[in-house]
Amino acid sequence: MSVEIIPCSETMAAEVRGVDLAQPIDTATAQTLLDAWHEFVLLLFRNQEMDNQQLKSSAAWIGETSQIAMPVDRRGDDDVEIQKVSNILDEAGKPIGALGDGEMWFHHDNSFTPAPDKATWLYAVELPSSGGNTMFGNCYEAYEALPADLKQEVEGRRVLQVYDFTVREKPARDELDNIPHCWQPAVVQHPVTGRKALYLDRLMTAAIDGCDKSESDDLLAQLFPYIERVDYEHEWQLGDYVIWDNRCSVHARRNFPADERRLLKRGKVEGDRLLAAKAAAG
Ligand SMILES: [Fe+2]
């Protein structure tokens with residue numbers, strides 16, 4: 001069967017048909033997938049059946065599997081490549097996974113590390129009867145939508161990305177001693193497509209450099225709405241495998257009934273240091 005790539009929305013995401021990720025992927029198919037992934041930012045593969053071993057090589061057409069950043073004591077098991085995103089409790093009442101319930105604000109995965117993961121995948125194993133959709137925003141579009149004065153204001157700046165695994169809120173910029181954090185370009189240049197993408201988000205961006213706290217807060221408050229766009233909303237079905245580019249997209253989760261079980265498996269592809277976008281000429 002030949003590979004079909006079917007766009008899911010005007011601005012982002014495509015469904016791939018005719019590929020079984022559990023099987024080895026030939027070079028030509030790998031290139032087709034990679035080109036489509038760079039073009040559409042997110043690819044969806046439905047009806048996939050994969051055990052953990054197969055999942056671990058499911059994104060080999062993008063790169064090397066990355067190790068999970070979340071501390072072992074916060075994520076239910078000690079697999080270093082596959083994380084369970086789940087609200088399910090084991091017989092002792094202990095969570096089998098992490099980030100189990102509730103909604104999550106838009107964010108870029110691992111932006112608080114020096115070389116954030118290039119890709120993240122999620123694979124649906126158990127789903128509630130409703131809710132829990134994952135929303136995705138295209139950050140190329142977010143950058144392009146900025147008015148000229150904001151574009152000029154943000155280009156060439158850096159943002160402080162922080163994430164405290166123990167809380168859902170963002171820590172203050174002066175309380176960072178024991179919390180993972182990293183300065184990143186506010187606008188990144190994608191190393192393959194060359195396109196510019198806005199790289200900040202309400203969950204993890206605590207400050208923007210070159211201004212005092214109130215200026216920084218004001219500027220970020222103006223910028224956040226541009227990143228919080230729903231270019232594609234994924235309604236999960238069992239066997240769905242979704243893989244997205246963290247350099248040029250954000251994602252967020254809608255709430256779902258807390259008394260229903262949800263289990264997704266999650267893995268990542270290693271990334272490099274982000275490139276700052278070159279300032280626009282003139
Ligand atoms: Fe995430």
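Remember, it's 1-based here, ligands and their atoms both numbered in the order they're listed.
- For Asp109, the N, O or S atom closest to the Fe ion (ligand 1) goes by the atom name OD1.
- Evaluation of the ring-ring contact (aromatic ring centres under 6.0 Å, His included) test over residues 189-217, restricted to residues two or more places apart or in two chains, returns His38-His190, His108-Tyr199.
- The closest donor-acceptor contact from the side chain of Asn138 to the backbone of Met12 lies at 3.5 Å or more, if one exists at all.
- The Fe ion (ligand 1) has His251 among its coordinating residues (N/O/S atom, backbone or side chain, under 2.8 Å).
- Judged as a side chain to side chain donor-acceptor pair (under 3.5 Å), and not counting sequence neighbours, Glu215 has no contacts.
- When the N, O or S atoms of His107 are ranked by distance to the Fe ion (ligand 1), NE2 comes first.
- Under the 6.0 Å distance and 45° angle rule, Arg262 counts as a cation-pi partner of Phe256.
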